[in-house]
Amino acid sequence: MIAFSMTDFAARRAMAPLGATLMFVMLGPIIAFAQTPTVRSTPDALVDLARDFALRRGGAPSAQDATHVRLLLEAAARLDPKNVDAQRWLFELATLRGESEVARKTLETLTGIEPDNETVMMRWLEVGSQGQTAEDRTTWLRKQVGSLRGPRMQAIAYVRLAEMELEQLNLDPARELLAAAAKMDDENPRVAALRWQLIPADASSDERFETTLRAFERNPTNPRIAWAVGVILDDSGYHNEAFLFFEHALRLAPDMSGSAEKLALAENAVRRGDFAAAEAYVTTVARGGDAPDLWMFAHWLMRKQGLRRESSQVLRSLQSYFAKADREDASPALRTQAAWFYCEISPDAAKALTLATRATEAAPDDKMARRALGWAQALSGDIEQARTSLASVADQDAWAAAKLAQIQREAADDAAAEQTLASLKAPPTAGPAYEALLALDADRFKPVAGKTRHPEIADRLAKVDSALFAAALHPEQFVTARVDLDDRDPDIAQPWRATFTLTNTGPYEVTLGPDGVINPTFLLSFSLRGEKDREYANALSVAYDGKLSIASGETLSVSKSIDVGAPARVCEMTPQQIQHITLTTLLDPSQDAEGAWHGQAVPALRFTRTPAPNEAEAWAARFAALRSIDPPAQIRAVEEMARLLGESQRAARGKLGYATTPIPREAAEQALTLALRSGDWELQSRTLLALRYAGLTQALATEAERSLRNPHWLPRVLALRLLARQGAAFKDAAAKVATEDSDELVRAFAAMIVDTLSNEGSAD
């Protein structure tokens, strides 16, 4: 048991008017707080206690730590089942612990509390049907649609249904559900993205381009959609415009730049006439084995530029790589690539035919395999079989069309060759296949500017807002953020209630979330200037999760108490010191490989945590508040007294680095003791909670132990938590509560304390 000696304040001139006992004050005049500032509700206090505990423990939490946090949140939710923060963090904790059923039930509760919260609804639709069959998930989700409030929510559900059908490759039902979502909310970015994924195979080039570009306009931070726009533009002759979309996609997702992307960039560079850039793209990927398609293109490119030595090096790498194609465990894809290599780059009719035959047997519908088979048959002299094989894919494959047309012309069948070339869909506009076609029919395949081939694309591109590119990469130009406190001069018992605000100043809607233009998470750092200077970088984060997007001109906000963790602890332990605080905030933070955080800087907020008044009148008001019937005033009184008492105790032990004005310690201790004896369970609970700032005198410890027998469960929980500071000496008492208490939550809390004391020797 920790006990502190009492100080005779009657001998101190500064405190003489107060006297030395609580009785003097209680019989004196009542000096009430003129206006009681905000105090936390008890459920909110428990939530913030859980947040604070988690932050102070830091690192990887132990099983006991996680249980401690969960039980505090469950206590808050029991007092107030509609406490959003308690339910939200219970869900997050259950998810982290892999408790899917608990997470599902908690989300169900949250949807009832916040029926208009789009993010919560999205999570519910994703989590609510987990563990069911695909058919059961669809049935469950369809039942939810009718109960959702408003078209935006119903659109979210229809989109999720469509996504589930798409996952099962049920394309027609997916398109029907997407149409239903579009009727509800056609501006929804997910509607546009899903419409792109569901483009019909027989869609016209105009429809394909419009759908893809529309998806990009609604989702400018999706690199795959941006890349898809670039591919269509490149195929349509708009090579410079395509490069802009390719570059944008790679700025969004640098790790997306694999061999397939490098090949597309190299082909685009050739089409733009920039052979140096094309060579740079192909030489950034390891030779041969890592990217055979890219290196076969590189071989052509280097030969075209007259780089014989370099092209010979690439050829040797490819020969070494494709030697693996003879193995029994070689994949059909590898055999197909090797067969083509032995057809077009390093002709070997026997190898090509063997590999192509085995590849087509394993993958008869593979276009490249059938093309390689036709070429290999032609090399082997089997012209009729070559005609048949090539004709099956000549309308879709440029190499197959070129070889078939060559065979037909050599047979003096010019009309058939003309028909073959005319039937080729989407002929290439650069590269080795293009040159093969150009050699057969220069007039048909001569370069034609995109504006000539597809003038409608130029008209549509002119309507694209170029600011979309900047918004995706520099959202701070379009979405402003700020943070403010309800009170810029909070006293020692006031919560620091901060409001975080986002405003869209741009001309179009901005998507929110980890995959959106802005991830609406704020990372907070604190600088404290008091009796000493302190810095707490990246101490706390706050997230907004109400909507999935923010419309042009719209403002969204979220309010949270931010006096949790280390900065709050300093202020709690220095109630007589003024603390000048600077809050710096990053919106949409991300961490680099070195651990540094980056994001959109929010204007700094400066505020002052004012010191506690220590005059006789202030103490008289505190004591009088305990006699009142004003619960907030009572709570403020015990919190202020407990903090001042703790500071005074540390000063008496020489643990402070600054001077303090003496307080009426004996009177404060008696007042807190009487508060613990109160018949009001909430006042008892808040007093037990407040005493975490102070050391327990014998009298306070005795009253805390009595609270273990309180009829209400919450004082019992908080008494357990407070008394666990005694360490191993409290273990037996906690073990008794863990087996004998009538309340399940109290028993669980006591058991957690026993486990913690057994493993660590301290429960807090």
Side-chain angles (χ1 to χ4, degrees), residues 38-62 64-77 79-80 83-90 92-93 96 485-486 490-498 500 522-526 528 534-543 558-575 579 581 583 607 609 635-636 638-640 642-643 646-647 685-694 714 717-725 749 752-753 756 760 762-764:
T38 304
V39 296
R40 290 176 178 83
S41 69
T42 298
D44 285 345
L46 292 170
V47 169
D48 286 344
L49 182 63
R51 295 170 61 205
D52 182 82
F53 178 81
L55 286 168
R56 293 184 189 180
R57 299 297 278 187
S62 67
Q64 291 80 21
D65 291 341
T67 300
H68 195 143
V69 171
R70 176 176 60 82
L71 292 172
L72 289 173
L73 294 172
E74 287 180 357
L79 290 178
D80 178 12
N83 189 290
V84 171
D85 287 339
Q87 299 290 355
R88 181 177 288 115
W89 280 309
L90 279 170
E92 298 291 351
L93 192 59
L96 289 173
L485 279 187
D486 290 356
D491 60 35
I492 68 168
Q494 274 182 271
W496 306 346
R497 190 74 178 177
F500 301 82
F522 300 83
L523 183 64
L524 282 55
S525 298
F526 296 82
L528 274 62
R534 298 177 175 88
E535 300 290 335
Y536 298 99
N538 313 316
L540 178 66
S541 64
V542 173
V558 58
S559 294
K560 287 283 185 292
S561 53
I562 59 172
D563 52 332
V564 291
R569 181 70 169 175
V570 169
C571 292
E572 291 165 359
M573 304 302 280
T574 59
Q579 295 286 349
I581 303 168
L583 173 64
F607 62 99
R609 201 298 311 274
I635 290 168
R636 283 182 53 79
V638 296
E639 288 188 354
E640 289 186 6
R643 295 188 194 195
E647 183 185 48
S685 298
R686 297 304 290 266
T687 305
L688 290 163
L689 196 54
L691 283 171
R692 70 186 186 276
Y693 307 122
L714 183 57
V717 165
L718 295 176
L720 282 166
R721 193 174 190 276
L722 183 65
L723 292 168
R725 286 161 43 180
F749 206 95
M752 177 273 299
I753 287 174
T756 303
E760 302 177 16
S762 175
D764 193 4

> Given R51 and L540, is the side chain to side chain contact (heavy atoms under 4.5 Å, CB included) satisfied, shown in steps?
Replying inline: CA-CA 10 Å; R51 295 170 61 205; L540 178 66; 3.9 Å; yes
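- Across all non-hydrogen atoms, the minimal contact from A642 to A690 is CB-O, 3.3 Å.
- Two residues are said to be in side-chain contact when any heavy atoms from C-beta on lie closer than 4.5 Å; Y536 and V570 meet this criterion.
- The CG atom of L723 sits 8.5 Å away from atom CD1 of I753, with the distance rounded to the nearest 0.5 Å.
- By the 4.0 Å N-to-carboxylate-O rule, R636 lies close enough to D491 to be salt-bridged with it.
- Between the CD1 atom in I562 and the CG atom in D48 there is a gap of 11.0 Å [rounded to 0.5 Å].
- Nearest approach of A77 to Q87, heavy atoms of both residues: CB-NE2, 3.7 Å.
- Of all heavy-atom pairs between P567 and L528, the closest is O-CD2, 3.8 Å.
- For the pair C571 and I581, the minimum side-chain heavy-atom distance is below 4.5 Å.
- In this structure the side chain of D563 never reaches within 4.5 angstrom of the side chain of E572, judged on heavy atoms.
- At least one side-chain heavy atom of S559 sits less than 4.5 Å from a side-chain heavy atom of R497.
- Taking CG of L720 as the start and CE of M752 as the end, the distance is 8.5 Å to the nearest 0.5 Å.
- Here the side chains of L49 and R721 are in contact, with some heavy-atom distance below 4.5 Å.
- Of the inter-residue distances, the one linking L71 atom CG with L46 atom CG reads 11.5 Å to the nearest 0.5 angstrom.
- In this structure Y693 satisfies the side chain to side chain donor-acceptor pair (under 3.5 Å) test together with R643, sequence neighbours excluded.
- Annotation: side chain of K560 is in contact with side chain of D85 (closest heavy-atom distance under 4.5 Å).
- Nearest heavy-atom pair across L689 and A45 is CD2-CB, 3.9 Å.
- Listed here is the closest heavy atom pair of E640 and A493: CG-CB, 3.9 Å.
- Classification of the F522-F500 ring pair by plane angle, with boundaries at 30° and 60°, yields tilted.
- Between R686 and R40, the closest side-chain pair of non-hydrogen atoms falls below 4.5 Å.
- Note that CG of L688 is 8.5 Å distant from CG of L714, once rounded to the nearest 0.5 Å.
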>> Using the rule given for side chain to side chain contact (heavy atoms under 4.5 Å, CB included), can you reason through F526 versus E535, listing the C-alpha separation, both sets of side-chain angles and the distance that settles it, and then say yes or no?
In response: CA-CA 6 Å; F526 296 82; E535 300 290 335; over 6 Å; no
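- Distance check: D44 CG to N83 CG gives 5.0 Å after rounding to the nearest 0.5 Å.
- Minimum heavy-atom separation, A54 to V69: CB-CG2, 4.0 Å.
- Contact of the L73 side chain with the V47 side chain is registered, since non-hydrogen atoms from C-beta on lie closer than 4.5 Å.
- S525 contributes a side-chain N or O that, together with a main-chain N or O of N538, makes up a donor-acceptor pair within less than 3.5 Å.
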